[in-house]
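Letters go in sequence order (proteins before strands), and every chain restarts at 1.
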There are 2 protein chains.
Amino acid sequence: MPYSADHKKQSRERIRMAAAELFCRYGFDQVSITQVMKHAKMTHGAFYAHFESKGMLYSEAIRSAAEQSLFVREGYELNREKIIYLIKEYLSLPHVKQEVPPCPLAFLSTDIAHRDEHVKASYEAVFNGMINKLSQVLDDSESAHQSAKSLAQQLVVSLVGTVSIARSIADPHAQQTLLDNTKTGLIHLLKNTV
Amino acid sequence: MPYSADHKKQSRERIRMAAAELFCRYGFDQVSITQVMKHAKMTHGAFYAHFESKGMLYSEAIRSAAEQSLFVREGYELNREKIIYLIKEYLSLPHVKQEVPPCPLAFLSTDIAHRDEHVKASYEAVFNGMINKLSQVLDDSESAHQSAKSLAQQLVVSLVGTVSIARSIADPHAQQTLLDNTKTGLIHLLKNTV
DNA sequence: GTCTATACGCCGATAGAC
DNA sequence: GTCTATCGGCGTATAGAC
């Protein structure tokens with residue numbers, strides 16, 4: 001055959017990456033296969049040689065987006081200080097504006113609710129991955145009244161809620177205030193549970 | 001004319017209400033004008049006698065949804081105990097499953113991010129309304145290190161984040177755990193800032 | 001594997017009868 | 001004001017050449 005297996009793999013990966021960026025930015029319904037393929041430097045006809053449907057691509061794109069996002073990309077050798085650093089990055093305007101690879105949990109939260117179980121399973125896997133990673137770090141210095149996993153969940157829902165809301169608000173000043181308030185609140189929460 | 005002004009007003013209201021329910025449940029893109037009008041007991045042709053576009057309907061539907069939602073409908077004569085009651089209702093499975101009129105902040109958060117400034121303004125107004133209402137109650141018994149408005153924001157972003165994520169997760173047990181954890185965390189937060 | 005071309009359906013919005 | 005009918009556009013997915 002005129003195309004190597006590696007070439008196919010690379011094409012597939014380009015599609016996955018393009019999809020991760022575009023779906024996060026515009027949502028599932030407002031991104032067409034034609035747009036994704038153009039972003040991946042191909043035409044729409046080639047799509048179905050790599051994925052069986054747009055929905056299946058979505059499911060994979062969520063995991064791709066997660067792999068590139070803050071907490072995974074910089075989440076090696078995590079400790080309390082690094083968590084605080086990541087919280088600040090997560091709750092930053094560049095993240096909200098998707099100038100860095102965004103967290104799909106925050107950018108796609110309500111979008112996932114309308115999709116099939118396969119897509120939801122991807123979202124849930126990313127969510128659990130983030131919780132597990134955080135709770136491992138928080139475990140060794142945990143307060144008496146709150147388990148590490150529960151604390152990690154508090155953290156994540158606040159992060160996700162804040163960024164979701166900030167993206168849906170037009171006023172830049174209100175965005176910044178919101179981000180800063182959550183930042184202060186979460187750091188306070190972490191300090192008090194050392 | 002064969003139709004009274006009141007009749008027109010009622011039709012318009014039926015459309016608004018139908019839109020509020022359907023948009024919250026399925027999102028903007030996955031609801032057609034035909035569906036909304038069918039839900040409002042009319043045919044699609046009549047739509048543009050009441051609204052100038054689907055986007056304008058969305059903007060109004062967000063406010064309609066907010067008016068019916070928990071914190072507004074039961075938010076009169078608020079106090080700390082009632083806030084705790086509303087938190088429990090908000091973080092309940094019937095709310096997540098939209099068996100009661102849902103909060104548009106949680107059900108539409110990422111959906112709004114892709115719309116125009118007019119829609120975002122509606123979302124922001126609902127958000128600010130909720131923050132203001134809560135912070136008034138929290139103001140008289142505020143802790144030294146955290147303003148009432150900031151505390152109210154912590155509350156809302158946790159509520160919104162939790163319900164958004166819970167809707168996007170398939171496993172009912174994980175949903176319930178998530179809801180319960182946030183419930184505990186927020187009640188703890190409120191008690192500690194009396 | 002990737003291309004161009006197209007089948008087929010749905011949607012937002014408009015036109016005109018009643 | 002509400003109806004039926006339709007326009008124009010775009011979407012997913014497929015077919016067939018190379």
Please determine, by modelled atom types, if A:Gln136 and A:Asn132 share a side-chain donor-acceptor pair under 3.5 angstrom.
no
What's the CD-P distance between A:Gln10 and C:dG1, to the nearest Å?
13 Å
Write out a two-atom table: protein N or O, nucleotide N or O from nucleotides 8-10 of chain D, distance below 3.5 Å.
none

Rounded to the nearest angstrom, tell me the gap between atom CD in B:Gln30 and atom C1' in D:dG11.
13 Å
Residues in ring-ring contact (aromatic ring centres under 6.0 Å, His included) with A:His39, at least two apart?
none
Mind calculating the distance between NZ (B:Lys38) and C1' (C:dC10) to the nearest angstrom?
13 Å
Atom CZ of A:Phe51 and atom P of D:dT14: how far apart are they, to the nearest Å?
16 Å
Checking A:Ala106 now: which residues fulfil side-chain contact (heavy atoms from CB on, under 4.5 Å) with it, not counting sequence neighbours?
A:Tyr90, A:Val160, A:Val163, A:Ser164
Please enumerate all residues that pass side-chain contact (heavy atoms from CB on, under 4.5 Å) together with B:Tyr48, with sequence neighbours excluded.
B:Ile33
Base, sugar-phosphate, or nothing for B:Val36, non-hydrogen atoms under 4.0 angstrom?
nothing
Please report, rounded to the nearest Å, how far the P atom of C:dA13 is from the NZ atom of B:Lys54.
8 Å
A:Glu60 meets the side chain to side chain donor-acceptor pair (under 3.5 Å) criterion, sequence neighbours left out, with A:Arg12, A:Arg16
Separation of A:Tyr48 atom OH from D:dG16 atom C1', in whole Å?
17 Å
With A:Arg63, which residues qualify under salt bridge (charged side-chain N to carboxylate O under 4.0 Å, His left out), at least two apart?
none
Where at least one partner belongs to residues 37-57 of chain B, residue pairs that pass salt bridge (Lys or Arg N to Asp or Glu O under 4.0 Å), sequence neighbours excluded
none
Given atom CZ of B:Phe47 and atom P of C:dT14, what is their separation to the nearest angstrom?
11 Å
Can you pull the salt bridge (Lys or Arg N to Asp or Glu O under 4.0 Å) pairs that have at least one residue in residues 118-138 of chain A, sequence neighbours excluded?
none
Give me, pair by pair, the N or O atoms of the protein and of nucleotides 2-4 of chain D that are less than 3.5 Å apart, along with how far apart they are.
from  : atom 1 : to      : atom 2 : distance (Å)
D:dT2 : OP1    : B:Ser11 : OG     : 2.5
D:dT2 : OP2    : B:His50 : NE2    : 2.5
D:dC3 : OP2    : B:Thr43 : N      : 2.6
D:dC3 : OP2    : B:Thr43 : OG1    : 2.8
D:dC3 : O5'    : B:Thr43 : OG1    : 2.9
D:dC3 : N4     : B:Gly45 : O      : 3.4

Report yes or no: do A:Thr182 and A:Ser158 form a side-chain donor-acceptor pair below 3.5 Å?
no
Applying ring-ring contact (aromatic ring centres under 6.0 Å, His included) to B:Tyr58 and not counting sequence neighbours gives B:Phe23, B:Phe28
Considering only residues two or more places apart or on different chains, which pairs with a residue in residues 176-188 of chain A satisfy salt bridge (Lys or Arg N to Asp or Glu O under 4.0 Å)?
A:Asp180-A:Lys183
d(CZ, B:Phe28; C1', C:dC10) in whole Å
15 Å
Got a sec? Which of residues 16-27 of chain B come in under 4.0 Å of DNA chain C, heavy atoms?
none
